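Numbers restart at 1 for each chain; the letters A, B, ... are given by sequence-line order, proteins then strands. All figures in this text were calculated on a predicted structure; none of them were measured in a lab.
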Amino acid sequence: MSKIIDGLYYSESHEWVKVEGDIAVVGVTDYAQAEMGDITYVDAPAEGDEFDKGEEFGALESVKASSDMYCPVSGEVVEVNQDVVDAPEKVNEDAYGAWIIKVKMSDPDELSALMDAAAYKALTDK
Amino acid sequence: MESENILKTCLHDRHVALGALMSPFAGFDMPIRYSDITDEHLAVRKDVGVFDVSHMGEIFVCGPDAEKFINHIFTNDIRGYKPGKILYGMMLYPDGGVVDDLLVYREFTPDHFLLVVNASNIDKDYRHICECAAGYDVKIDNQSAVWGQVAVQGPRAEEVVTKVLGIDCAAPLGFYEYCNSTWNGKRLIVSRTGYTGEDGFELYTTLEGTCEIWDKLIAAGVKPCGLGCRDTLRFEAGLPLYGDELSETISPIMAGLGMFCKLDKEEFIGRDALAAQKAQGTAKKLVGIEIEDRAIPRAGYPVELEDGTQVGVVTTGYHSISLDKSICFALVDTKFSALDTPLWIRIRKKVFPGKVVKKRFYQTNYKK
């Protein structure tokens, strides 16, 4: 059973968002890391990059496959988690602690289009 | 997509019970990994692991013309090869494109041979072999469905095969040699071959016998290994996979496998095309490329020059588990195929510098 945390927002492409004021902290879900297996590389964007909601912002690589990550909300990357870039296995160890980027949201209303924990649980239980 | 008519090997239930991640491969529902690809990969490099390779095809050819016929359809030269010896090579189309790569076993019964072919190509190969057989006095028997096969691979493979399974050969086997044995009174082929770059054995027997052998190995603690690490292992060892590094459009000359094509034989299908390719050179060649980053070059990614001109495409790539380097096979324009040629690989939106290196990334450990 993969872990899902209450109070976060979730996307259909298995990113989670934690809201801190106008900042969206973005990572990938426990379900996503378990599906991928051992993650060996994090392809992260640069600070200052801007993404639209749903736009690809980076990728995770496991031995066998790469998996793109999509920005759940529009905005500018204000911080990249260098600890996770340097040690990608942290995503496997703690998917909700190992955030990938922080995004300054340009339209916080976009959050309403994301799922809550219950809806995401329903999606991954299918 | 779940397909109605996907095939299952005799060990399928066991893979599911072990909790394997299953995925379709070559028409079969196969285990990709049981636990973790890296752990399974390292077990084979440092200890021992067992693979279900029952999906592979076994086609028997016999008859007065069998040797002559096989030498007609096979790039390597089986003349002079004694019973118990195994040869690697390809079957080609007249234009030099590859039908399949395969192993030919010369049986201990005169004029009998076993051809072991890729699972994805069994039907195509069988049709091809039958079509080519017109005018030859041979019998062709596709027994793929009734043979199971496990591969025991790694430095402890010999110990496991002799001690855990109690299998004994009359004489010690060298690499690419086999012997006949029995398992519960049925034929067991003990073949010192593999697809990992390590010493190992491939054991062919009945479906029931294959299940018993598998159960004994798992009970003895031999690590089950899936197709995920089978690919990372063969890749590091510089071994091609049909469909990626050999195909109807990638000839053995382009793939750097000319040593398995005996152009001095009187004839074989595709020989003239290969001789011309060898004499004139081919437009493209398969190379190894190493990049200076942990990003992973995957199949289909473009290979470029510094100015962004595309000169090739990646065929297989990984962050090598044994070497901790990002490396790939790529098919590139021949003029950029020399060792140390700087090449760039486009991985999503970024471009990573690298250089041409030898294709055998990992030093293989075969028993001589």
(Q) More than 12 heavy atoms of other residues, nucleotides or ligands under 6.0 Å from CG of D125(A): yes or no? (A) yes
Q) More than 12 non-hydrogen atoms from neighbouring residues, nucleotides or ligands closer than 6.0 Å to NZ on K325(B), yes or no? A) no
Q: Mind checking salt bridge (charged side-chain N to carboxylate O under 4.0 Å, His left out) for K102(A) and listing every partner two or more places apart, or none if nothing turns up?
A: E79(A)
Q) How many angstroms lie between OG in S62(A) and CD1 in I296(B), if you round to the nearest 0.5 Å? A) 7.0 Å
Q.
Using heavy-atom distances under 4.5 Å, tell me whether D231(B) contacts chain A through its side chain, its backbone, both, or neither.
A. side chain
Q) Among G37(A), A59(A), G58(A), S66(A), who wins on heavy-atom pairs under 4.5 Å with chain B? A) S66(A)
Q | Most contacts with chain A, counted as non-hydrogen pairs under 4.5 angstrom, among K349(B), K350(B), R298(B) | A | R298(B)
Q. Could you state the interatomic distance from NZ (K64(A)) to CG (L227(B)), rounded to the nearest 0.5 Å?
A. 8.0 Å
Q) Side-chain contact, heavy-atom cut-off 4.5 Å: D38(A) with I37(B)? A) no
Q: Measure across Y41(A) and D293(B) and return the closest heavy-atom pair with its distance rounded to 0.1 Å.
A: OH-OD1, 3.0 Å
Q: Tell me, yes or no, whether the heavy-atom count around E12(A) atom CD, taken from other residues, nucleotides or ligands under 6.0 Å, exceeds 12.
A: no
Q) Is any side-chain heavy atom of R348(B) closer than 4.5 Å to a side-chain heavy atom of E56(A)? A) yes
Q) Can you say whether I321(B) sits under 4.5 Å from chain A via the side chain, the backbone, both, or neither, judging by heavy atoms? A) side chain
**Q.** Heavy atoms of other groups near E306(B) CD, more than 12 under 6.0 Å
**A.** no
